[in-house]
Amino acid sequence: VPTNPSPIQVLEDALEVLREHLHLEEQAGPTTHVAIRVREVQHPDVPKALGRYFVGVVAGAVDDDAQLSEELLAATPESAEEVRAQVLRLVGDTNEFEDDAEVRFRDQVRNPWIAEVLAHALLVLRRRDVTACLRGATVALKQPHPDPRRQGLDLVAIYEYEGLPWAAIGEAKASRRYGSARLNEAAAFFADIDHGLRGVELRGEFHALKHVLNSGLRASIGDGFWRGRCCYLPIIVFCDAIDECSDHTALATLRPDVSERRLIAVCLPNFHVFFDQIADEIRGALQDLLP
Amino acid sequence: MFNAGIEALLAGLPEFRDASPQAVKRLLTSAFLDVTGLRGVDGSSVDAERRAADLRRLATGLELHALLVDGLSEHTFQACAFVAAEALEVARETAEFVSATPEMHLGAVPATDYAAIEAASLYFIAGFDANAAVAVRQVGRRDGNDDAEPLERWWAARALRSIRAFFELRSVPSSDVPTLPDGSLSARVRAGVWRRIAQAVDVEIQWLRLERDGTGNESAVTLRSLATMLGARQRHADLSHLASLLGLACDAASQRALRSVEAPSNDTDTWAAYVRGRVRDRPLLWPAAAEYASEALPGPNRHAVVAVPTGAGKSAVAELAIAQAAEDTWVLYLAPTNALVAQVLRDLRIRFRGNELVRVQAFLGGSEYTELPGESLVDAHAGQILVMTPEKCSLALRQSPDAFASLGLAVMDECHLLADPGSRGVVAELVLAEILHRSRSVHLLLLSALLANPDELASWLTHVTDTPALVVTNPWRPTRTVRAILAVDPDRANEPYRVAHENLEAHPARRNWGFEAPACVLANLQGPWLSLDTSDYRVVPIDLTLPLTATRGRDGRITPAPAGYVNAAAGRVTYQLARRGERVLTFLPANKHYSFSVARDMPDLITEPRQDARLDLIEALLDLAEFELGVPSAVRQLVNRGIATHTSAMLRDEQRASEIAFVDGQARAMFATGTLAQGLNLPATSVVIGGTRVGDDRNLPTDVRDERARAQLLNALGRAGRAYVSARSFGLVIPDRWVSARSGQSPRPAREAAPFLEFEDASTEVRSHVEKLIGGALGIPPIEVGQMTNEEQTAFSLLATENETDGQEIVRRSFGAFRAGLDAAEAEQVASALRLAGSSFLEVAGARSWTSRASYASGLNLPLSAALAEAAAQAMPANTPDAITDWMRVLVRAMRLTAPLLVASALPDQPFKSTPMELLGNADGDTSSADWNAAIDVLEATLEAWLSGETLSDLTGRAISPESPGDSARVSGRSIPKIIAITEHGFGFGLSRLAGGVAAAVISNAEATVDYDERLEIDLAASRTSLDVFPLAVHFGCGSLASVGWFRWGFRRRRIAHWLAERLPPPETLDVEKLPDWIRSQRRELLNETVELDFDDSERARIASLVRVENL
């Protein structure tokens, strides 16, 4: 186990804090989607919880890989070092971004990763409480892959609604100034899903979820996929307001019903400060949790 | 696009809304049409992209259903797997065609590769391993992900090579592992997973190919546990998924492994050697073979009737049976034509190459009587596989009946031949009956793609042998074919027609005005054109126009002419499809000359020879053909332009050159008559049927003709599909009278223009041709020879055995007796009645009593045998003939004296038609008529030239038009096609039988103890050899024993045989019994180029051609 306490416990502890402070509110207005605003994300306890949650997620993945390494390669890696290296690959070791490459790293690696982990946490919380995130409780959720070089789906989950399994596919974006552009990118990503262009990844991810789904729900996943029992979750973390309550044509043409196009908006007036704060907390968590 | 096999499979699909089997078929077919070589002209890809998206979602839904749902039935599992695979593949083709989506990667692997492996695994699981091989063709050849760590990238690439090799059923060559950077933990784990995947699929293919021992499930277990190991931790979902699918594929492979077929108990290595050789290219059994192996092997321990679609692996079933039976018996393989005999011979020799215990031999030729050494079966032994036509076998049964006692397996390929009208069906039926009589331990294996009553045949075999008979009717087929009609697009054709109409109105002196009518394709989205529901059809506008004509009728009205466009349209469609990469087989069934004329008029398909084609072999074959022809081969020029032809107006070497050119891709298109549809293995990705009228024997009853035409057209359609090249193919029919098609319009008029499209296949119910004769023999008044039909005459002559019991036993075992419900007493009654009828006839006709034996030996009907014997007696010269040419003169004189009607009954009429010899095949006058004698005169001159080795070009001068010897053209009215027909069919399969009739009469008389006819007396010592050889000499066109020998045991080419007989004559003192071995040894030396003769350059070139061709 690379952390002390164990990665699971780290996640559990962090989630309890986030559960208390992150509130999702459905907003009235749009006809092209359901608008959801995340409240209290800037509560002082949230950055630390998110930082630890982040480290817990990475540590969990490393822990799994370490066990696989032992089974497949008969090699026991230095897990704590792997976690540290992995985390620092994702958030860097400083909040100083001076040249273009460093800024690009902040905007294209660090912040999106933090946004993805936040979104992941929202979906985990939906398993525990009824929130506006999804219409049903999350029953299975893909782990984030802590490797910035890998393409792939950010968030894939199964939730149960009216006794049937539904797919939830999320795409998290973070941009201080270009929230609308990121929303359009997310919509284009969902259009690709509509066109079956991400089917390869989806089949792999849903196949993997069979280990955590009961047979009753598994029996209806294929049919559900064909029929479009699917929810799209664009999760946009931004500073300059995008009006999540207005209609967005890019979302209007997607296959799922309006009720399953759920735009989750996380507005951060102090955008960079927030992300820097979380990055600091992540690095701090490394000190606290790793031997 | 889907046949009954797929229909049955799709019945297992789960109940997804809007995804019924019909809807799935519509979607798949429609999407396939989006990317076919004759694609739409509307330029819109929106619908195609929508369909592709639907397919991808369907694939995801069904694949997840198959993988995630517990307790699925095997049927549902396979149905989901098949449709998911098919949907992925069709969607991939669409994506390549309509859009250039940037390549995604999963880890180190391109997503396209990943999807291809998914599709391949799913095809494997569903039992379509040939389609899997097509799906992975590009796997590992696309760019990997540069962002992935080198360690993972290398092992992923290594695994992809192994996976592709596994699905292509070949071993992956080992490769050294380079020094790789260590990488992150994640990369190390992923590299480790890839390595384990590669090892597992390597182990599986090695096991399948007998390169490793084991139980066969090791790989599946490894991959499953790998998938679970990853899945349980929710890590590397892509690899877990892949391992899971590959594990299922390995499971499926192990269950269908050839190596798992139970060996015969006394395996002396024949079977094991076969398996060792066969697993190298086909280690898996397809369904028909799997069923046969499971139910009829080891042994074979029972008869079997295998009635499965074209391309479903009938040959593999035969191979299994042969490889086991040859262990301790000899095997007979009956194929309906000499071309097929040659193909089967080639295939079996390749299959058993290097197996010293097995010897594959063909008995080529017709049914003419001969006693030539080496032409009899007296020494048939275990491990020998003899391939021949039923006619040749009929002769063998008459000559060496005892040899059949040790026969263990008789395979009859294309056994629907039993239904053939005329003598062929009768001969085939009685051959089988006699085989069952002669060998009490034989097992029959009847194979056909066109058999409607396999159960009845199986019941017959069970009934007459008390041995169970297996029926294999699995409709599985590895390829799918869209059935479509080429039609006029009325909306776009309206304007050009209006212009033509106006022009014709403006030119009152003109009767016709041509116009180009834009075309469309009307395709059925299900399979056979059963439904008239417009939603089962799709109209696709295409980039092609049809050359139609506006015509002025007698009443002055101007209308579009209904026909006259087919050949031009066929040429255009073929060209377009071939230019877009399709391998096109175009049938022009109305007339054998059309293939050459359409090919001639088509633009070139290539500008340079294809370098990987066997061009030297093609050249060699054509050189040899030209030596026979005496003029340049018309095929050469076409092949150089990328076009092949296949008609009966070609020499066998020309046909082979065309076949090779087509197989190798030197020719992208082949034009053929219907004969090609009958069994030759030249599958194409597209089939075009240019015209629905089939040139056929007009003497046949209309219903028989229609049925044969339907069978030929459906057979032609069945040639579409190349399992290891393209899973889906296109079959396009051009009706004789054009039809128009518009979306939403009833397809009925189009279907009426090509009604055969309604049928799933060309299955026909085999009925007995002997049954009627049996009925007649049991009836009152007694049956009379003179009243018998031709079929009955044939049956009668074959049943007139010397041993009365034999005749009775053959009757009793015939399919006809089974259908008639005959018991043993009734069989005896039939045999007696036939004997009595024969005796009565001979008595009334004043014929000698040995005539029955001569009739039986020669296979000619009794009246003809009697008449020919009498004529031969009158025609015999004072001195005993001792040369083949002497016997030729006896034959011609005998024919001159025989009633023309009787002569015509043994000769085909078509070859002689429109020649000075026309009366030979179609005369009912008397022997004194000047026309008859003139025809015989021409025959004599032609036959003499044929036997003396003149070129075919020179022969045309004698047979057809003395003023103008043949030129190289093959189109209608030219003489080369005519002389090929005369010599191949008229002489080869007609005149040679009459020659056999004369020989049988002379020999029967010589051996007779009563009724001896002194006029037929010969000096046996002087004449026997030439007489024995004579019928074959007429067939082969070889006028000396040496040339016959060179033809028979050297090289099966007439003028080559003549040339070698002159340049390498057998020693005069050589005993005729030793002639075969002497020629074989000379042949070997020639092929090894160790003969030292003073050959000139042209002769050396000829030898080089022979070497190249014979080493094929």
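Model, not experiment: these values are computed from the prediction. A, B, ... follow the sequence lines: proteins, then strands. Residue 1 opens every chain.
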Highest number of heavy-atom pairs under 4.5 Å with chain A: which of [options]?
options: B/Arg196, B/His65, B/Arg233, B/Gln234; answer: B/Arg233
options: B/Leu226, B/Thr112, B/Leu67; answer: B/Leu67
options: B/Leu68, B/Val193, B/Leu64; answer: B/Leu68
options: B/Glu118, B/Arg195, B/Arg188, B/Glu15; answer: B/Glu118
options: B/Leu55, B/Val69, B/Thr60; answer: B/Thr60

For [X] and [Y], test the side chains for any donor-to-acceptor distance below 3.5 angstrom and give the result as yes or no.
X: B/Thr76; Y: B/Ser73; result: yes
X: B/Arg56; Y: A/His195; result: no
X: A/Glu201; Y: B/His241; result: no
X: B/Glu49; Y: B/Thr94; result: no
X: B/Arg158; Y: B/Ser162; result: yes
X: B/Tyr123; Y: B/Glu89; result: no

Side chain / backbone / both / neither for [X] at chain B, heavy atoms under 4.5 Å:
X: A/Leu217; answer: neither
X: A/Leu141; answer: backbone
X: A/Glu82; answer: side chain
X: A/Arg255; answer: side chain
X: A/Leu72; answer: both
X: A/Asp194; answer: backbone

For the aromatic rings, using the six-membered ring if either is Trp, is the centroid distance between B/Tyr114 and B/His105 under 6.0 Å? no
Is the distance between the ring centroids of A/Phe206 and A/Phe225 less than 6.0 Å? yes
Under a 4.5 Å heavy-atom cutoff, which of A/Asp64, A/Val62, A/Val212 has the most pairs with chain B? A/Asp64
Find the one option among A/Arg227, A/Lys142, A/Arg203, A/Glu71 whose heavy-atom pairs under 4.5 Å with chain B are most numerous. A/Arg203
Sidechain-backbone polar pair: A/Arg261 side chain, A/Pro256 backbone, donor-acceptor under 3.5 Å: yes
Which bit of B/Leu242 comes within less than 4.5 Å of chain A, counting heavy atoms only: side chain, backbone, both or neither? neither
